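In what follows, every chain begins at residue 1, and chains take the letters A, B, ... in the order their sequences are listed. From a predicted model like this one, the values you see are computed outputs, not experimental measurements. No hydrogens, no waters, no symmetry mates; every other heavy atom, side chains included, goes into these values.
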Amino acid sequence: MNTLWIILTGALVAASCGFLGCFLILRRMAMLGDAISHAVLPGIVLAFLVSGSRDTLPMLIGAMVAGLLTVFLIQSLHQSGVKTDAAIGVTFTALFSIGVVLVSLYTQQVDLDLDCVLYGEIAYVPWDTWQWGTMDMGPRAVWLIGGVFLLSLLTVGLFYKEIKLCSFDPAMAAAVGIPVLFFHYLLMGLVSLATVASFESVGAILVVAMLVVPAATAYLLTDRLPVMLFLSMGAGILSAGGGYLLATWLDSSIAGAMTAVAGLLFLLSFVFSPRYGLVAKALARRRFRYE
Amino acid sequence: MKGISNASPLTVHDLTVAYQKKPVLRNVSLTIPEGKLIGIIGPNGAGKSTLIKAIQGLVPVASGQTQIYGKPYKQQRKLVGYVPQRETVDWDFPTNALDVVLMGRYGKLGWFRRPGKHDRQLSLQCLQKVGMSDYADRQISQLSGGQQQRVFLARALAQEAQLYFMDEPFAGVDAATEKAIIQLLTELKVQQKTVLVVHHDLQTVEEYFDWVIMLNRRIIAAGPTQEVFTTENLHKTYGGRLQHLGAVLSSSPDAVLPEEEPL
Amino acid sequence: MNVWMSLQDPNTQWVLFGCMLLGLSGGVLGSFAFLRGRSLMGDALAHAALPGVCLVYLLTGSKSVGLFLIGAAIAGLVATTCITAITRHTRIKEDTALAITLSVFFGIGIVLLTFIQHSPTGNQSGLDKFLFGQAASLVSGDVTQMIIVSIVLLSITTLLFKEFTLLTFDPGYGRGLGFPMGLLDSLLMLMLLTAVVIGLQAVGVVLMAAMLIAPAVTARYWTDRLSSMVILAGLFGALSGMLGTLFSTQVENLPTGPMIVLAATCFFLFSLLFSPRRGLLFRLLRFLRLRKTILEEDVLCALYEWFELSPAHFLKGCSPESLMEKSGKPLRTLRRALLALQRKGMVDYRKSGGEQPGWIFTAAGLQHAHQLILNQRLWDLYWMNEQQYQALSIDPNKGDFVGQLVPEQLAPILRDLDSYGLTPKLSAIPHPVITRIDQKRKGVSV
């Protein structure tokens with residue numbers, strides 16, 4: 001049963017990050033996941049200091065605020081003429097530093113394990129259950145991430161065509177009156193939420209990986225956005241399952257193993273993708289030469 | 001779309017756009033007649049693309065107002081179709097030609113509604129009009145430059161607008177595409193639509209456009225092609241950069257300044 | 001005093017020196033990375049070092065810093081190769097390739113790390129310290145290492161400065177000149193990697209990324225020349241290193257690495273807001289001033305041209321309504337501009353007995369408007385006959401035309417202007433009536 005919970009958690013993280021990640025890589029903001037996952041640290045610490053507890057809700061709110069702040073800062077810097085990658089770099093490192101300083105200064109009050117934040121410990125998920133009345137509802141993380149997953153699915157489902165147009169051709173979207181900036185923040189808000197919700201249970205590294213790797217895998221396999229979204233979720237879930245097996249075999253970090261498997265899947269599609277893979281391209285070139 | 005009002009499709013009042021240290025466009029005022037094909041011409045850096053972007057509120061302006069059919073632009077967005085320059089989008093986006101054309105329907109659809117059968121049919125028709133119906137399912141990165149341009153045009157058609165802005169649709173396209181675009185422009189004119197086209201090739205101005213706007217940071221001249229497209233104005237717009245004016249003007253009328261010219 | 005005291009401590013001196021060097025080389029190399037659009041490369045390389053370090057430990061079982069550095073460098077090289085391969089062979093863009101490599105490598109690193117931890121012989125403590133950095137624990141040996149590496153990096157940069165400049169601005173042209181651009185690019189990458197690797201143990205993964213970005217971006221705000229940018233970035237980096245270290249010695253528990261990054265960020269924020277040429281504040285001020293100038297000039301010109309068409313009204317004045325028609329500007333904007341011009345003594349509002357009052361030029365205003373109009377028409381003339389005037393070598397990017405020429409050059413052009421009938425019709429020499437009104441006005445105001 002515990003195995004199932006762990007895989008389910010990993011799969012939910014992979015699925016929600018995977019399909020949000022598609023939009024990230026299409027809008028050339030892949031590094032944003034990395035940035036947000038680091039920059040939420042001060043939010044978490046402040047929430048912890050203010051509320052004085054390790055309850056999920058205040059931490060979630062704190063991290064969410066910090067995540068949106070990151071997005072806002074990056075956007076503002078970009079609009080005032082800083083290159084996107086430099087804007088991302090300056091913002092997240094500064095926020096992360098603030099976080100580390102806060103942790104060090106209040107080290108007595110803050111019982112936060114930095115390692116845990118970065119690597120996460122998905123193996124503890126099944127024991128942190130949610131009691132509703134006297135009923136045991138199962139692991140809290142599953143509910144939390146499941147909720148985020150449904151929320152993002154619903155939002156993207158409702159605004160699919162607007163988000164698609166904003167990603168493909170923002171100038172035209174603005175010209176027909178779609179609030180491009182609002183959708184930017186909506187999407188990034190969802191990314192922050194997914195990052196934050198997954199954070200506690202699986203750690204930053206799995207989130208960053210799941211935001212880009214399955215999406216990139218899917219991007220090499222298809223030319224249709226809806227297909228890409230589903231493939232990305234599929235690749236994510238597959239990595240979660242495969243990663244768990246790998247981790248038990250090696251007796252190592254589950255989140256790390258899931259990331260490694262995701263990387264392997266990417267490598268496979270990089271080499272063997274029917275249209276964009278190395279092999280297919282080499283064959284096409286060969287055929288071309290013979291003709 | 002009948003009976004919108006008698007107002008001009010586009011009026012621009014005192015539009016000034018300034019980046020950093022210099023005005024890019026200065027004191028531009030225009031009133032455009034309905035149902036005309038209008039060329040915007042001028043040398044590089046004259047602010048042609050900036051003009052159509054500023055009119056649509058896509059770049060910040062220092063001063064000025066634009067009105068579409070007598071009302072502010074924001075209220076009239078549905079009446080406006082836009083064909084941006086081809087390079088502005090990522091053609092590796094995972095989508096096919098028909099899908100891009102369908103995007104033209106999004107403004108009309110409004111929130112939450114999905115494109116339906118009617119939209120799909122209409123988009124296919126638009127693709128057909130630009131001679132691209134065979135490529136509806138083709139991934140957009142596998143289209144040639146001219147074909148991509150035609151897909152963009154079909155998307156603008158699908159918008160069913162009254163007023164179109166096209167940013168250099170003829171730039172770097174093949175002969176077939178050029179012909180398709182011309183056919184399309186003519187059809188739009190028959191339907192009493194107004195089309196503003198940023199144009200580079202002076203040789204074809206007289207052939208393609210009923211009206212021209214000659215721009216070099218400010219309006220040098222604007223009016224019916226025969227009246228305005230003169231050696232004098234070309235000189236002022238392009239200056240000595242233009243070597244063979246005689247070849248451009250097929251029937252060079254005497255250099256008479258039109259009345260709009262504020263001299 | 002307190003700062004002075006802690007400076008006496010040899011340990012602090014070592015740390016201080018090490019961090020300044022780190023900032024210096026980070027700034028210098030970061031400038032090239034920034035201009036190549038690879039600011040986040042440092043971040044990716046720093047993350048990618050983890051599996052390298054773990055593998056070295058797994059293979060050798062030793063925890064020597066030197067071996068770790070080699071492992072990290074090899075892992076970084078593999079990561080760079082991956083990034084290049086992904087962007088070259090697929091349609092995936094560079095940012096995604098970077099993110100993929102970073103996360104997958106780090107993930108693999110964590111698998112190895114935990115594998116070491118759980119294996120019976122393993123003890124991973126120390127490995128992560130290496131990655132997350134502890135500037136305060138730097139000892140003289142580490143710093144000596146840093147000094148050597150920094151000197152090597154800085155000397156290579158100095159020697160190959162011209163080549164790297166070509167690489168950042170125009171690699172195609174550089175190739176044309178016969179420089180091996182691919183090799184130079186790899187070399188720059190390798191140097192970046194080296195800087196990252198030596199920085200790791202001082203400030204850690206994330207913060208090393210910052211040292212490569214923040215000083216470079218900051219320097220960009222103060223100069224447009226690459227050479228001064230590189231020097232400035234080095235300075236900002238060294239200064240951040242110094243301030244961060246000093247500050248962290250003053251407060252207990254304050255970690256050095258993050259303080260250095262925060263110092264660098266403060267420099268950046270200050271430059272973003274207040275740098276005179278590109279800072280937000282001055283840009284906004286310049287924009288507002290430009291807008292005002294344009295408006296006033298437009299109104300002056302419109303008034304001038306209106307009087308040209310109806311010279312009979314020259315002394316009676318022009319009503320705001322006619323001016324509105326002429327200039328196409330809304331009445332309210334027009335009024336504002338006219339009042340501003342009145343304050344500057346360029347125009348005046350005149351009520352002459354019984355007739356409708358109107359706006360007239362003052363002597364100064366007439367002269368200014370005359371100049372503006374003349375300038376504008378001369379430009380028109382210039383564009384019309386650019387070839388003919390080529391010998392004058394006029395800079396078309398300057399606004400002023402008359403000022404670029406000596407009177408002898410100007411005279412024939414003015415004759416040409418006259419032959420087109422474009423000479424401004426209102427003389428710049430004020431009409432006696434205006435002079436009288438001017439004097440009266442000044443008399444009243446004094």
Side-chain angles (χ1 to χ4, degrees), chain B residues 11-31 42-43 45-46 60-65 90-94 139-142 214 216-221 230-245 255 257 259-263, chain C residues 90-93 96 277-278 282-284 286-295 297-299 301-302 304-306 308-309 324-334 336-337 373 376-377 379-390 394 396-399 417 420-425:
Chain B
T11 50
V12 178
H13 272 294
D14 183 33
L15 187 72
T16 297
V17 180
Y19 299 137
Q20 285 295 310
K21 288 176 188 153
K22 265 173 111 180
V24 182
L25 281 179
R26 188 160 182 172
N27 202 4
V28 170
S29 295
L30 275 174
T31 303
V61 300
S63 75
Q65 301 88 36
D90 175 15
W91 288 95
D92 281 334
F93 198 88
Q139 146 72 11
I140 52 176
S141 66
Q142 284 159 14
M214 301 176 86
N216 195 351
R217 303 226 174 127
R218 56 197 185 89
I219 298 228
I220 304 293
T230 61
T231 328
E232 175 94 16
N233 283 333
L234 276 172
H235 263 311
K236 271 164 68 185
T237 323
Y238 286 86
R241 275 176 269 189
L242 215 58
Q243 304 251 334
H244 308 291
L245 280 173
L257 289 177
E259 278 175 29
E260 292 98 317
E261 189 58 29
L263 280 175
Chain C
T90 67
R91 52 180 178 164
I92 289 173
K93 309 290 179 300
T96 309
R277 242 182 313 169
R278 310 171 126 237
F282 287 96
R283 250 164 49 187
L284 181 69
R286 258 202 310 269
F287 176 74
L288 291 178
R289 206 161 43 206
L290 179 68
R291 198 166 79 166
K292 193 158 167 265
T293 316
I294 291 176
L295 175 66
E297 285 182 9
D298 281 356
V299 171
C301 290
Y304 189 97
E305 284 178 339
W306 192 80
E308 263 189 331
L309 292 176
M324 179 177 78
E325 210 173 299
K326 175 82 192 130
S327 67
K329 290 184 194 302
L331 208 52
R332 256 179 52 202
T333 322
L334 210 56
R336 203 178 58 214
I373 289 281
Q376 187 188 334
R377 291 185 187 172
W379 273 121
D380 283 351
L381 186 72
Y382 174 76
W383 289 125
M384 268 189 258
N385 306 291
E386 202 182 28
Q387 309 270 292
Q388 193 186 325
Y389 298 132
Q390 227 157 31
I394 279 174
N397 290 319
K398 281 192 188 147
L417 195 68
Y420 279 95
L422 290 177
T423 307
K425 292 193 183 68

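- Listed here is the closest heavy atom pair of B:Asp92 and C:Lys93: OD2-NZ, 3.2 Å.
- Proximity to chain B involves both the backbone and the side chain of C:Arg91, based on heavy atoms less than 4.5 angstrom apart.
- Annotation: the span from C:Ile294 atom CD1 to B:Thr16 atom OG1 amounts to 6.0 Å, rounded to 0.5 Å.
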